[in-house]
Each structure stands twice: as C-alpha cells, then as structure tokens.
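Worksheet: one structure, shown below.
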Amino acid sequence: MSTTEVQLCSRCKTEPSVTVSRKEPFCSQCFIRFITGKQRKAMAAEKFKIQFSKDPKKEHILFPCSFGASSLVLLDILLCLMNEQNSNPRGQVGFHLSVVYLDDSSFEKHDTVITDVINAVKEKYQTQNLPVTFEVVDMDGFFEDSENLRKISVNLDDYQTHIQPLSQSEHSFALSQLLQALPNRASRHDILQIVKAQLIQSHIIKSYNSSDSDSETPISTVLYAHNMTTMANEVLSLTVKGRGAEIHKLLTDSVLTLPISSTQTAQLGILHPLKDITSTEIQTYLTLLSLTELELKHKNQPTLMNKQKTINEIVNEYYKDVDVDHTGNIISTVVSTGGKLGDPLTLKKNDGSNESSTEQCIICHTSINGNPSPDKWLSAISYTSKLPPLTDLQKQSYSEWVESCKPSVNEENHEPPSQDQNQTQAQTGKLCYGCIVTVGGVKKADQDGFVWPVVTKERYDVDDVLKEFSLD
Amino acid sequence: MTITTPSPYGQSQAETKPKLSQLCEHCHSRKAQIKRPKNLQKICKECFYEVFETEIHNTITNANLFHPGEKVAVGASGGKDSTVLAYIMKLLNERYNYGLEIVLLSIDEGIIGYRDDSLATVKRNQVQYDLPLEIVSYRDLYDWTMDEIVACAGIRNSCTYCGVFRRQALDRGAMKLGISHVVTGHNADDMAETVLMNLLRGDVARLEKSTAIMTESKGSPVKRSKPFKYSYQKEIVLYAHYKKLDYFSTECSYAPEAFRGTARELMKNLEAIRPSCILDIIHSGENLVLKPKKQRTQFRKNAKAGSKVPTEMEVRSDGSVSLTSAGFVDGNTCEKCGYLSSNKICKACMLLEGLEANRAKLRLEGDQSFVGAAKLTRTLENLSF
C-alpha cells in the first residue's frame with residue numbers, strides 16, 4: 001500500500017482534501033463552508049434574515065472594507081449570501097449592505113486603483129440586483145470642518161493639554177500635513193487608525209441625519225473583517241501603546257451606544273465575524289476561490305529598518321517568530337485572554353475608589369480613566385530637575401541660554417498673550433494616555449504642530465437649540 | 001564575566017564652556033552627558049542623579065511603601081538592580097528621614113562559579129554601605145543546592161525550581177530576622193515584560209496583579225514591594241556606572257528563561273521606536289481588568305439534594321490537588337510547611353518531594369561531579385593558551 005495516498009476530506013469523507021487546517025483535512029467545498037459558517041454564526045440573529053412581510057424593515061449593515069485579504073473574504077461571504085437569498089422565489093434579501101472604503105490615496109501609494117477594484121467586485125457578484133452600495137470616503141475630508149480645527153500640544157513638564165485656535169493663515173489643513181508633523185511611521189499609523197474610526201463614526205451619524213424620510217433605515221450594525229491574527233496583533237499593540245483599557249472594546253461583539261447629538265443616541269451592534277479565522281486560513285480561502293486578483297495592492301515598500309516600522313508591524317513579526325510550529329497557539333491564547341478583559345472604568349469602581357470620570361479624550365473620544373487621570377499618573381512618576389547653576393562658568397552658560405531664548409519666546413507665545421490665552425481658557429479638554437504619548441511625541445519646533453478637529457460641547461448645544469426652536 | 005571596578009570615565013575634568021546646543025535640557029547650565037533612556041532628553045550627570053533619585057523617592061511616597069521605624073530587608077543578589085537599590089534605599093532613607101532600618105538579605109542558591117562570586121560582591125557592599133547582611137542558603141532550607149538540583153532534574157527546569165525556592169527563601173530569611181517587608185530590585189522593564197508575558201501565556205490569574213507595586217497576603221507576614229517599578233533598566237545601569245557602584249554583572253549560567261527572552265527581544269525592538277513604551281505597557285497593565293466570570297449552573301444526574309460537600313476532587317497531572325470549588329482563597333497555607341500556597345500543598349513542597357524521590361541513594365565522598373555549568377564556564381574562562 002502506498003503511503004502517498006490522497007487523504008479524504010474529514011467532513012464530507014468523499015472528496016480528496018486540498019488543505020489541512022487545525023489538523024483537519026478539508027476539501028475545497030467543505031473548507032469554504034467552514035469559513036462561511038463563521039459569518040452565518042455571527043449573523044444568526046433573526047433581524048438579518050429575510051422578512052416576508054409586506055413592508056419589511058431591512059437591517060442596514062455598514063462594512064468598512066479595506067479590500068485587503070480579510071476584507072475580501074468577508075465581502076465574498078456577504079455578497080454570496082445576498083445572492084443566495086436573492087435567488088429565492090420572491091427575490092428578497094435580509095439586509096442592506098453599505099460597503100465603505102476610506103481612501104488614503106493622497107498619502108499612500110497603491111498599485112491598483114480603488115474604482116477598478118470596486119467595478120471588478122460589482123461585476124463578479126452581479127451587485128446590480130442586490131441592495132449593496134459602495135462608497136469611497138476621502139480621508140482628507142477629516143479636516144473639512146475648518147471651524148473646529150485646533151492646535152493641540154502637551155506640556156511635557158506637567159502633561160497638561162493646551163488647545164489653541166489656528167491662526168488666520170492656517171484655516172485649511174490636510175491630513176498629509178498632520179502626518180508630516182508626526183515623528184515616525186509608528187505615530188502616523190496610530191493617528192490614521194483614530195482618523196479611520198472617527199470617519200466611520202461620522203458616516204454612521206450621517207446615515208441617521210439623512211435617512212429620516214428614505215425607505216433606507218439608518219445603520220444599526222457594523223461588521224469588521226478583523227481575523228484572529230489581526231485581533232491578537234491589536235491586543236498586544238494596544239497594550240504597548242498604553243491603550244490597554246480599550247482592548248475589551250475591540251474584541252467583544254457588543255452593542256455600542258453612539259451619541260448622534262446631545263439628546264439622541266443610537267444603539268449600534270458591532271460584529272467581528274472572522275475573529276476565529278487565522279490569516280493562513282484567510283489566504284487559503286482567497287486562493288481556493290481565486291480572489292487574490294481583487295485585492296487592493298499596496299506599492300511594494302523597500303525593506304524597513306527596525307526604527308522605521310510601526311508597532312503593529314513589529315508585533316506581527318514577533319508572532320511569526322514565536323509561532324515556530326505554525327499552530328497559532330500563542331495567537332489564539334492572546335485573543336482569548338483579551339476577550340476575558342472588561343471595561344476598567346466600570347469594573348474598577350467597585351474597588352472602593354469613588355473618583356470616576358466621564359470625560360472623553362478630545363482626540364480619540366475614549367472615556368478617560370480618572371483614577372488617577374493620565375496626566376496625574378505621568379506627573380507622579382516623572383520629575384524635572386531644577387538644579388541651579390553653581391560655578392561661574394555654569395552661571396554664564398545659563399544666562400547665555402536665557403538670552404538665546406528671548407527672541408523666540410517673544411515671537412511665538414509671549415507677545416500676543418491676551419487674546420490667545422482667553423480663548424485657550426475657554427476651551428479645555430483632556431487627552432487619554434495613548435494620545436498624550438502620541439501628541440507628546442510631536443516636536444514643538446515643527447511649524448504645523450498637532451492639528452485636530454475638536455468638537456466642543458457648546459457647539460452641539462447651539463445646533464440642537466436652533467434645530468428645535470428656529471422656524472424655517 | 002566582569003566585576004565592575006571604578007573607571008576613570010566621568011571623573012571631573014577641567015570645566016570647559018559647552019556650546020549652547022550641548023547644554024543640559026533641565027538645568028541649561030551644564031554640559032549634557034547622558035541621553036536619558038526614558039525620554040531621550042539630553043541631560044547632565046548631576047541632573048540625571050537628581051531626577052533618578054527623586055523619581056524613586058516620589059514612587060515610594062506616592063505608594064506609601066514604608067512607615068517610620070519599619071525594618072526593611074533589601075533582596076540583594078549583587079547584581080546591578082539590587083546594588084543600586086541598596087545604595088538608593090540607604091541614600092533616600094538618610095536624605096528624607098524615612099526612619100527605616102535596612103538589612104541586606106541574600107539567598108545562596110548553591111551555584112558554584114556564579115553565586116559565590118556575586119555573594120562576594122554583596123559582602124563588599126555590606127562594608128561599603130555599612131549595612132547588616134544575612135545570607136540564607138538553599139542548603140540550609142531545603143538540603144539541596146541548585147547544582148545538585150540541576151544534576152538531578154536537568155538544566156531545562158532549573159528556573160522553575162530556583163524561582164519557587166527563592167520566593168520562599170526570601171520570606172523565610174526575612175522572618176528569621178523578624179522583618180515583615182522585603183524590597184526587591186524589579187524594574188520597569190521587568191514589569192512590562194511580565195505584563196506582555198502574562199498576555200502571551202494567557203495567565204489570567206496573574207494578569208490583574210502583574211503591575212502591583214506591593215504584594216501582600218493574609219497568609220504571610222512578609223510583604224514585598226518594588227521601589228524601581230517605574231525605573232528603566234538602562235537608567236539603573238547608567239546610575240550604577242556613573243556612581244561607580246560595585247556590582248556583579250554576569251547572568252546566571254543555567255538556562256535563562258527562553259520565553260522571557262523572546263518578550264525581552266520584542267521590548268527591545270519596540271523601545272527603539274518609542275522609548276516610552278515600557279511605561280506605556282505598565283500603564284496598560286494597570287488598566288487590565290477581568291470581566292466577572294459567568295456563573296455556570298451545573299446539571300448533574302443523581303445529584304444529592306442539599307448536599308454541599310463536593311464528591312469529586314481534581315487531581316492534576318503533577319499530583320497537586322485543587323482546593324474546594326471556591327477557587328483561590330487569599331491566605332491559604334501549605335499543609336506541609338505552612339508557607340503561603342494556593343493549593344493544599346505548596347509548589348516548593350511538591351518540587352522537593354519529586355527531587356527526594358530521585359535523589360541518589362549513595363554518593364562518593366568528595367564527589368564534585370554535580371557541580372554544574374557555572375563552574376565549567378569559570379574553568380573554561382580561566383584557561384590560557
């Protein structure tokens with residue numbers, strides 16, 4: 001008997017296996033079914049199923065899609081499911097899908113053009129018959145609302161946040177300008193992640209404000225295509241960035257309360273259908289269905305030195321190095337450990353501390369842990385020496401330094417203090433720990449500094465008052 | 001292996017006026033000589049000492065680590081961390097009047113060629129800092145030395161044995177001296193590594209407590225604290241170097257913990273991008289909180305109504321027995337030796353039992369064959385051609 005006999009698929013036991021996953025041989029069909037099953041399980045709720053009533057209210061799902069490997073797998077699963085539903089005699093589909101791509105072409109180079117990729121997808125899945133919309137959102141639009149733009153800086157002596165209005169000449173600002181001000185790729189990546197999250201959030205809010213009369217219901221579910229490897233990467237990367245308190249938010253499929261305005265909130269379901277799938281399985285899926293051609297390809301980057309890498313890239317390399325036997329044990333352990341974490345803000349309240357905070361970070365909008373607050377935590381463990389000059393030579397050096405500072409001090413901050421300071425005082429805000437680290441890394445010498453749209457409470461209130469009481 | 005001796009580097013030279021760009025970023029009057037690992041600020045030696053010492057003092061006072069009149073044992077191995085700790089503790093105690101009585105406490109694991117040399121350093125420190133010293137040996141406590149343990153159980157598990165025994169030995173040494181507080185030289189790097197390792201290993205039981213500055217338990221009269229919790233390892237090295245402290249800088253010759261090594265490498269790469277990452281990880285670690293466990297209701301066939309005594313008991317593969325289903329109870333002690341334990345029998349007693357079962361019944365008089373890798377390394381180092 002030959003030992004090179006083709007192994008049969010362990011699921012159907014009829015077809016020859018084409019891949020081995022989790023020590024189990026799979027044939028192509030069974031493997032695809034296995035991966036597809038993850039999405040079906042995540043979206044098993046009744047609301048995603050076809051409703052045969054006369055006036056069905058379709059669930060509106062938002063899928064932020066990068067057209068990378070994981071995104072393509074989820075997109076394939078969703079569009080196939082919709083086509084399958086559409087083929088029923090009444091031709092109805094259970095949900096409406098909005099695919100949103102955040103366009104970073106102004107600062108990131110791609111080999112393929114996004115519109116070509118979208119057109120190819122539309123053609124392949126015959127989406128003209130399906131309730132699917134594709135939208136490309138320009139990431140530079142993040143700085144559109146120039147009224148809210150503020151310069152944010154962190155004083156590294158006491159870690160207090162300073163917010164200043166932009167000068168008249170700086171009223172337009174582009175994302176690429178902000179990225180240039182950041183010290184390295186790692187910080188740029190952090191900020192881009194925050195920008196992406198907030199663009200998605202404002203897209204959702206827009207759907208609530210615009211769909212009053214439309215038949216289309218506002219977005220109620222968001223799907224993320226994170227796979228197990230990306231999740232494990234995020235758990236460790238967030239820890240390294242000092243954002244450990246946010247891990248639970250990323251890993252749990254939960255219902256999020258999103259403030260639409262100061263009076264209105266929306267309940268938003270967050271799902272990660274591919275969180276149990278490893279990146280190897282994602283690649284196998286793409287190869288089996290020959291979907292790799294659809295992938296949005298980034299321009300080949302030259303090999304980077306360690307110092308040029310992002311935190312996520314270094315963590316990724318670490319996982320590859322540690323996972324010598326390709327079992328992915330460490331990755332799944334990290335994901336399951338991350339899944340056991342909860343919200344420190346609500347859980348730590350029980351430990352006798354009565355100081356709680358409802359303040360939000362003005363950059364990433366996460367709730368700030370007030371016990372102790374990040375600025376107090378940092379000031380408590382750092383100290384700036386104030387040793388006086390002793391010898392004559394030292395005194396001379398010191399006075400020379402004071403002299404050298406004078407003109408720049410006058411030019412930059414001290415000359416027109418009255419107006420600026422008043423405005424600064426009017427607008428206060430706090431940063432979370434992770435953002436203090438990122439903004440603190442921006443050198444003051446840079447001309448642009450850290451510019452961010454800061455939404456103040458007052459502005460919301462004025463809008464609401466006008467909306468409620470002014471007559472058209 | 002090197003034993004640090006005072007170096008001429010850094011000694012006071014004839015002062016020359018530095019350029020403006022070379023001035024210390026704190027005092028702006030002296031020439032910057034150190035790039036601070038924590039934030040890459042360029043500062044002078046005097047400001048570095050001031051900053052390093054005051055930050056440790058602030059850590060101690062903010063966490064209320066000590067009370068006046070307290071007797072404190074400094075876990076001293078002769079390495080850089082514990083040497084700097086002993087030096088700093090004495091310095092701060094005198095400068096800020098903590099009112100502490102400081103004793104050096106060393107553990108002799110019985111590793112010939114490694115620990116005997118480092119203990120010689122501790123003995124020198126004892127004289128230099130004028131502090132009392134107590135040495136507790138594995139031989140006295142357990143009737144085993146690490147060399148014998150490695151000969152018996154192999155080099156692979158050496159850190160498991162050594163770690164478990166050392167934790168107990170420190171407590172026992174402190175109790176012998178009537179001291180209820182041991183300070184150790186664990187630094188920020190160690191702490192950040194531990195946070196990452198607990199995440200990578202899925203060690204949920206330790207995850208929440210991994211960044212605690214002080215650990216104490218109802219079952220043990222001895223509490224532990226880490227005044228270097230926020231001090232970077234590189235700064236400790238710099239401090240020891242510029243202050244010309246006498247320390248022993250060789251790693252233990254038995255297998256270093258492989259997994260911790262990978263975490264250390266990861267941190268090194270991350271630190272190159274973001275020097276603050278060590279503190280960032282500690283901040284994250286302080287905010288990792290577990291969700292409350294969901295209570296599962298068990299459905300058993302033929303369950304005796306109203307019976308509260310569990311009829312089954314889990315015996316683990318290593319022979320240890322879980323406590324009652326209530327889980328971890330703070331302050332539980334070992335049935336055999338009375339030391340703190342989360343099981344009925346503590347880990348040290350379990351390990352000792354296994355070792356005893358494998359101990360050679362007969363031994364040649366004057367046999368030195370169990371003397372391990374450390375001795376061999378020493379011999380090789382001394383060879384000359």
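Please read all numbers here as calculations on a predicted model, not as lab measurements. Every chain is numbered from 1 and lettered A, B, ... according to where its sequence line falls, protein lines coming before strand lines.
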- [ ] Name the option with the most non-hydrogen atom pairs under 4.5 Å to chain B; the candidates are A:K241, A:K386, A:R243, A:E246.
- [x] A:K241
Open item on the list: So for B:L23, is it side chain, backbone, both, or neither that comes closer than 4.5 Å to the heavy atoms of chain A?
Closed with: side chain
- [ ] Name the option with the most non-hydrogen atom pairs under 4.5 Å to chain B; the candidates are A:I381, A:L236, A:I314.
- [x] A:I381
Open item on the list: For the residue pair B:E265 / A:Y318, report whether a side-chain donor-acceptor contact shorter than 3.5 Å exists.
Closed with: no
Open item on the list: Applying salt bridge (Lys or Arg N to Asp or Glu O under 4.0 Å), can you list everything that pairs with B:K31, at least two apart in sequence or on another chain?
Closed with: none
- [ ] Could you tell me which non-hydrogen atom of A:A380 sits nearest to which non-hydrogen atom of B:N58, and how far apart they are?
- [x] O-CB, 3.8 Å
Task: Closest non-hydrogen atom pair, B:I273 against A:N306 - done: CG1-O, 3.8 Å
TODO: Drop me the distance from B:C24's SG to A:Y398's OH, to the nearest 0.5 angstrom.
DONE: 11.5 Å
TODO: Give the minimum heavy-atom separation between A:T239 and B:S284, together with the two atoms involved.
DONE: O-OG, 2.7 Å
Open item on the list: Non-hydrogen contacts under 4.5 angstrom with chain A: give the residues of residues 189-196 of chain B involved, or none if there are none.
Closed with: B:V195, B:L196
Open item on the list: Rounded at 0.5 Å granularity, tell me how far CG in B:D280 sits from CG in A:L238.
Closed with: 12.0 Å
TODO: First locate atom CG of A:D321, then atom OG1 of B:T262, and finally report the distance between them rounded to the nearest 0.5 Å.
DONE: 9.0 Å
Open item on the list: Suppose a student defines contact as a heavy atom less than 4.5 Å from any heavy atom of chain B. Which residues in residues 430-438 of chain A would they list?
Closed with: A:Y433, A:V437
TODO: Output yes when a side-chain donor or acceptor of B:K291 lies under 3.5 Å from a complementary backbone atom of A:G339, and no otherwise.
DONE: yes
Task: B:L279 side, atom CG; A:S382 side, atom OG - distance, nearest 0.5 Å - done: 8.0 Å
Task: Segment of B:N269 engaging chain A (4.5 angstrom heavy-atom cut-off) - done: both
- [ ] Just say parallel, tilted or perpendicular for the rings of A:W377 and B:Y230, cut-offs at 30° and 60°.
- [x] perpendicular
Open item on the list: Heavy-atom pairs under 4.5 Å with chain B - which of A:I311, A:N184, A:I330 has more of them than the others?
Closed with: A:I311
Open item on the list: Could you check whether any side-chain heavy atom of A:S385 comes within less than 4.5 Å of a side-chain heavy atom of B:I43, counting everything from C-beta outward?
Closed with: no
Open item on the list: Ignoring hydrogens, what is the shortest heavy-atom contact between B:E50 and A:Y383? Give both atom names and the distance.
Closed with: OE2-OH, 3.1 Å
TODO: To the nearest 0.5 angstrom, please state how far the CG atom of B:L266 sits from the CD atom of A:E317.
DONE: 10.0 Å
- [ ] Compare all side-chain heavy atoms of B:R274 with those of A:D190 and state whether any distance is below 4.5 angstrom.
- [x] yes
Task: Backbone N/O of A:W401 and side chain of B:H28: donor-acceptor pair under 3.5 Å - done: no
Open item on the list: So A:V240 and B:M267, do their side chains get closer than 4.5 Å, heavy atoms only?
Closed with: no
Open item on the list: Could you check whether any side-chain heavy atom of A:T384 comes within less than 4.5 Å of a side-chain heavy atom of B:V51, counting everything from C-beta outward?
Closed with: no
Open item on the list: Restricting to non-hydrogen atoms, name the atom on A:A245 and the atom on B:N287 that form the minimum distance, rounded to 0.1 Å.
Closed with: CB-CB, 3.9 Å
- [ ] Give, as side chain, backbone, both or neither, the part of B:L207 having an atom under 4.5 angstrom from any heavy atom of chain A.
- [x] side chain
- [ ] Answer whether the closest heavy-atom distance between the side chains of A:S397 and B:R30 falls below 4.5 Å.
- [x] no
Open item on the list: Let me confirm one number: the CG-CG distance from A:N329 to B:L200, rounded to the nearest 0.5 Å.
Closed with: 12.5 Å
TODO: Take B:S29 and A:K395 through the side chain to side chain contact (heavy atoms under 4.5 Å, CB included) test and state the conclusion after the steps.
DONE: CA-CA 6 Å; B:S29 56; A:K395 282 174 189 163; over 6 Å; no
- [ ] Report the residues that fulfil side-chain hydrogen bond (donor to acceptor under 3.5 Å, both in side chains) with B:N198, sequence neighbours left out, ordered by chain and then residue number.
- [x] none
